[in-house]
Amino acid sequence: MTQTRRSFLKTSLAASTALALPIPAFAQDGVLNVALIVPSPAADVGWSHTLELGTKALEAEYGDKIKVTLLENIAEGPDGDRIMNKTVADGNTFLILGSFGYMNGGLKLAKAHPEVSILHASGYQVAPNFSPFGARYYQGTYLMGMAAASLTKSKKLGCVGAFAIPELITSINAFTLGAQSVDPSIEISVVWVNSWFDPASEQEAAKALLAQGCDVVFSNAQDTPSVVAACEEAGAYVFNLNSSMKTYAPKKYLGVVGTDWAPFFKASVAAHLAGTFAGSSAWLGMADNCVFVADWNPDIAPEMAAKIEAVHATLLDGSFSPFTGPLTNQDGAEAVAADVTLGDDAILSMDWHVKGVTTPLPK
Amino acid sequence: MTALLSLQGVSKRYGAVKANSGIDLVVDPGSIHAILGENGAGKSTLMKLIYGVESPDAGSILWKGQPVTLASPADARRLGIGMVFQHFSLFETLSVVQNIALIVPGRQADLARRIRALGAEFGLEVDPEAMVHALSVGERQRVEIIRCLLLEPELLILDEPTSVLPPQSVARLFDTLRALQARGMAILFISHKLEEIKELCDTATILRGGQVTGRVTPRDHSAKDLATLMIGRAMPPPLPATPQAQGEVRLELSGLDYINDDPFGVSLRDVSLRLHSGEIVGIAGISGNGQQELAALISGEVMRPGDAIRMMGRAVGGLDAAHRRRLGFAFVPEERLGRGAVPDMSLADNALLTAHSAGLVQRGFIRRGPERAYTAAIIAAYDVRTPGPEAEAAALSGGNLQKFIMGREMMLAPKLLLASQPTWGVDIGAATDIRQRLVAMRNEGAAILVISEELEELFQICDRLHVLHKGHLSPSLQTAATSVEQVGSYMIGAGA
Amino acid sequence: MSISFTRRAKASRVAMLLAPVVAFCCAIVASVILFTALGKSPGQALYSLLLEPFLSWYNFSEVLLKMAPLLLIAQGLAIGFRANVFNIGAEGQLIIGAIAASALPVWYPMGDSAWMLPAMLVMGAGAGMAWAGIAALFRTRFNANEILVTLMLSLIAAQVLNYLLLGPWKDPNGFNFPQSVMFPDAALLPILLPGTRVNVSLLLALIASVLAYVLMRHRFSGFQLLVGGLAPRAARYAGFSETRAIWMSLLLGGLAAGLAGASEVAGPLGQLQRSVSTGYGYSAIIVAYLGGLNPLGIVISAFVMSVIYIGGDNAMVSADLPVAAVWVFQGLLLCFYLAGLTFIRHKVTWIRRKVAP
């Protein structure tokens, strides 16, 4: 198909030069065409933005040997599938799919085009040329929990969550465990907005939490600064994931659990170019230089900051995991026995909350 | 003496149709000048040219001896020409005084006072605060006349102004017009009521087929002569004598009460009436006294369950218009466009509107052949001037569309026919034809109820009469034993 | 000097043919300026927007795929619009249709009965009808405005979908992600054109177009709807039931939208997920009006809109246009086209004002 199309274009090229009709982009020798597909408009902050930063790093590294096409606001489903197919037809051989909902279409595409390598965010399916990737946000949220516990007066923390999927559940659980490591009496309320992008609902959810008395709020996977801004206005501490939103909360910004995809993208592209790309689940944490914490609030006492830094070091060197027993679930039953550390599979499919999270998990 | 207005060789054509050709017309100051002509004779076009709505293709218009170009009605009004249209230009969602304030300068309170004063003076009573959409056709025309008079024009054009006035008010309007004439105002008076023209007008210009066919002094000619000049042939023969055979009761209203939700509408009180097969009963009265409400209640467009209304012996209060039609009822409404006919649909589709039961629909499918044939039959039988069944209803003149709707309903051979203003705006020849057909239907056993403002017409065809005034129906009057004056006094609430 | 628009006695055929062409040229000129200002190659952009959808079988098949739900829904809606019944909530009826159709494969994920697919389509169509029927009931019983009711019902439908996907109907092996199981083959529509994603729903949409044409052109019930829309008082005069027109309009619109929803889950989606509709219910309103509410016109407008959509996607991939520029182009095209439509029914005249002496 691609071949016939190209030859058609080449023959029609002569006729169209008079009209200065350009040729659509297709693979030129020596240039790698990369497409990044994201579901929301690429903004200056948030998830799509960090992915875009990752591809910028690729461009910095490879210069004119690489061409990145950003495709924003692509609906999951048939439209997403078509765009993916189109990018491959246009000669892109390296795809980054920035949302879970692209999984089924991406997998089909990977099977049909073994020469294409695909990175897929947040999924769980693996193929030889199809790698799901995700960040171990829970490592960072554990540290945020410690900081939050040292600052809260009401002993009530809040979280605005996008979807009750394992990735977000683990972040909340680690946040709770970090806080309880400082003060075991702390409780956490969660409001699920069931959207990745819905500023109005997110703001409403934040206000509901603040009204309940929560004075530190976790903006869990929002791509907009709605929760952050609402908390600053109400005088509650707030932190978020992916990229810093400090400018929206100059006083009350607790910090950011950031992600840097550049190292992973570079390594994956290098493998693709070398012909050694092998699909595998890439679940990246602090040790991989993917997850980081930054922009800490100066209100955190120096001795607390030192304690946080000490735990940070053990997370970095891999000697500590927040999900180490004994852990109790919301019903009070033992979930993880003493001295047992949960493996990746158990964390990746976590569907329960630890004790201290007062909101039941939607079933 | 310089003529106030004179037209020299004025022509206007629309496509292939010569609406006016080589018209010469002279209107002297202080004269009442009649324009006589059938529908389609070119009267409306001529008025549009004088009032600046259209521009002539050839010829010239002189105002006080000076050639003028009238590019818009505003130009005409600036010169001192006022016009009362047959089709009203009022905004339905505004009140009377608001409508008038759009054209007449002045504070609304002052205008309202002047409106009441004029209304009292000329028998043109209308509530200045009433919303126009709640007014009847007759009341709207009163607003138009008042609006013109408020501008104190030098030339007043009146298009069929008396058709909605009761006889007493016609006399008073004529007094008013003569008073205006005495003050030096010239009046162009368009009417098909020959007796009125004979009574009021100094001169008459007669049009036929877009050309002037005569200039006469109406007082010196008989109505018959005028009509002959107008239609180009002798007057149709008089109607057949009234038979007295009477059959079963086809429509019975017994103590019908109707409370109108609309504050400006009319409520009906204790209306009782009996209509037998083989008779024509007329309902006289000035528009806006409950005619619309009564017609809608009988037709089923407004439903009030109960047995105050009985058709062919059945209580029909809870039946909708379609059900009543299935019992053998047919109806010609007062408004032609938008009610009696769908403006944007072809005549063929408009035939389908109510004549679908005449074999035009089979198993839910429209049969285009019979539909066309039926339409062609109406067009031929009722002399509807139109290119054919495919013409849009909105493209027909008012009189032609009225003929079409009358034809459609009468060809259904209904047992009971309600006709509201059956000949409104229809030319004399066609009106006489329609009346003859109504009488013929009656003679064949149909029961016919005619709601009309034209007393002449009612007296001509009806066996019995009722008069509707402020929602109250007068007792039944035998036409033969009743005088126009008697009916007139009922019309203004002074009867009985 | 002033410009005035006067209504033509008859629609101008020349203007009717010329309007789309002129609109098209104006949109091209405007977008060439726009794209140049953005620093993008206008040639490349227009090539992707307008030519590419026709230059490969794959791209063309995607146009047809997109066209199927748009065409189906627009035909249903246009019937109501012509009767002055404004069903704005086809989106909700589509979602409910998709949900109802998904019930079978969700409950029987291993089902292989030949009856499953037809049953899904019937359930989807029925559910769409029922959802629109709520609005008809409210309008005829309580005189509640159907525009508001259908719109609100769309929001409710979206929440029902959310509830099911987050709770009872979510894939047990899907790690809590809000989506159902993948449907078995017996629950999927057969592919119409081999090698593409075009399924028999395109055929359903075309059949619906023929039926809509027959209804509006040859059926007395369609004629009654038209009269109700063009002249409500004439409809009352003739005794055409308004209640019947409201029910018929909403039920047919709901049926089409529900069927489209069922076809989406049984077609390119293959499962029930949150993005079951990308605004088809709303786009179809535009398609219906662009097609002049005429069943044949709608076939053309649905095709044109699909080309614009697919072309827009192409331009993002191939011409590196930001999504906003694509939307601007689509908006321009529609605006110019609608402006052009004015000239079909109206003629422009220049009036030289002469003041009377």
Side-chain angles (χ1 to χ4, degrees), chain B residues 14-15 52 55 63 66-72 74-79 295-296 299-302 319-326 329 331-333 335-345 349-350 352-356 360-368 371 391-395 405, chain C residues 1-4 6-12 82-84 140 143 210-211 213-246 248 252 292-294 344-347 349-357:
Chain B
Y14 297 103
S55 300
W63 180 253
Q66 298 295 315
V68 289
T69 307
L70 299 166
S72 73
D75 288 351
R77 282 196 296 268
R78 265 195 295 275
L79 289 179
S299 73
E301 288 161 282
V302 173
L319 300 184
D320 65 17
H323 271 94
R324 296 186 196 189
R325 283 181 172 275
R326 257 172 258 146
F329 170 72
F331 173 39
V332 178
E335 298 99 323
R336 298 144 192 171
L337 281 181
R339 184 159 168 213
V342 184
D344 296 335
M345 279 188 169
D349 280 347
N350 270 301
L352 190 62
L353 188 67
T354 61
H356 48 84
L360 309 190
V361 173
Q362 193 176 43
R363 281 194 221 101
F365 281 93
I366 300 165
R367 297 168 71 203
R368 295 293 175 194
E371 185 196 22
E392 283 185 4
I405 294 171
Chain C
M1 279 280 255
S2 68
I3 305 170
S4 100
T6 43
R7 203 176 147 88
R8 293 180 200 267
K10 243 183 151 183
S12 154
R82 293 194 74 170
N84 272 358
T140 52
N143 202 23
V210 173
L211 293 179
Y213 176 82
V214 170
L215 173 70
M216 297 321 271
R217 192 84 195 94
H218 295 295
R219 296 288 297 177
F220 187 54
S221 47
F223 171 78
Q224 291 179 312
L225 289 176
L226 287 180
V227 172
L230 284 171
R233 290 186 323 133
R236 220 167 302 136
Y237 159 75
F240 299 164
S241 162
E242 193 188 5
T243 306
R244 205 185 110 136
I246 292 167
M248 196 168 154
L252 288 177
L293 302 183
N294 174 317
I344 295 177
R345 272 274 172 194
H346 297 82
K347 67 179 175 205
T349 41
W350 295 86
I351 295 177
R352 267 178 231 98
R353 282 231 160 263
K354 273 189 202 160
V355 183

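In the text below, chain A, chain B and the rest are named by the order of the sequence lines, each starting its count at 1. Just so it is clear, the structure is predicted and the values come from calculations on it, not from any experiment.
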* Using non-hydrogen atoms and a 4.5 Å limit, figure out which bit of Leu215(C) sits close to chain B: side chain, backbone, both or neither. =>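 Neither part; nothing is under 4.5 Å.
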* Asked: Under a 4.0 Å N-O cut-off, is there an ion pair linking Glu301(B) with Arg233(C)?
  ->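 No, no charged N to carboxylate O under 4.0 Å.
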Under a 4.5 Å cutoff for heavy-atom pairs, which residue among [options] has the most contacts with chain C?
options	answer
Arg339(B), Arg368(B), Arg324(B), Arg363(B)	Arg339(B)
Gly364(B), Ala321(B), Ala395(B)	Gly364(B)
Gly300(B), Pro333(B), Ser299(B)	Pro333(B)

* Asked: Mind checking what makes side chain to side chain donor-acceptor pair (under 3.5 Å) contact with His218(C), not counting sequence neighbours?
  ->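 Listed in chain order: nothing, the list is empty.
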* Is there side-chain contact between Tyr237(C) and Thr354(B), with heavy atoms separated by less than 4.5 Å? ->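 SC-SC contact between Tyr237(C) and Thr354(B) confirmed.
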* **Side-chain heavy atoms of Phe223(C) within contact of Met345(B), under 4.5 Å** =>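 Heavy-atom side-chain distance check passes, below 4.5 Å.
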What heavy-atom pair brings [X] and [Y] nearest, and what distance separates the two atoms?
X	Y	result
Ala231(C)	Gly338(B)	CB-O, 3.8 Å
Asp320(B)	Gly239(C)	OD2-O, 4.3 Å
Ala238(C)	Leu353(B)	CB-O, 3.5 Å

* Asked: Got a sec: does the CZ of Arg219(C) have more than 12 other heavy atoms crowding it under 6.0 Å?
  ->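 Atom CZ in Arg219(C) is crowded, with more than 12 foreign heavy atoms closer than 6.0 Å.
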* What residues form a salt bridge (Lys or Arg N to Asp or Glu O under 4.0 Å) with Arg367(B), not counting sequence neighbours? ->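 Salt bridge (Lys or Arg N to Asp or Glu O under 4.0 Å) list for Arg367(B), sorted by chain: empty.
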* Contact origin within Leu352(B) toward chain C - heavy atom pairs under 4.5 Å ->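 It is both, since atoms from each part get that close.
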* Separation between CD of Gln362(B) and CZ of Phe220(C), rounded to the nearest 0.5 Å ->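 Rounded to the nearest 0.5 Å, the CD-CZ separation comes out at 14.0 Å.
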* How long is the gap from CG on Leu230(C) to CG on Asp349(B), to the nearest 0.5 Å? ->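 Leu230(C) CG to Asp349(B) CG: 10.0 Å, rounded to 0.5 Å.
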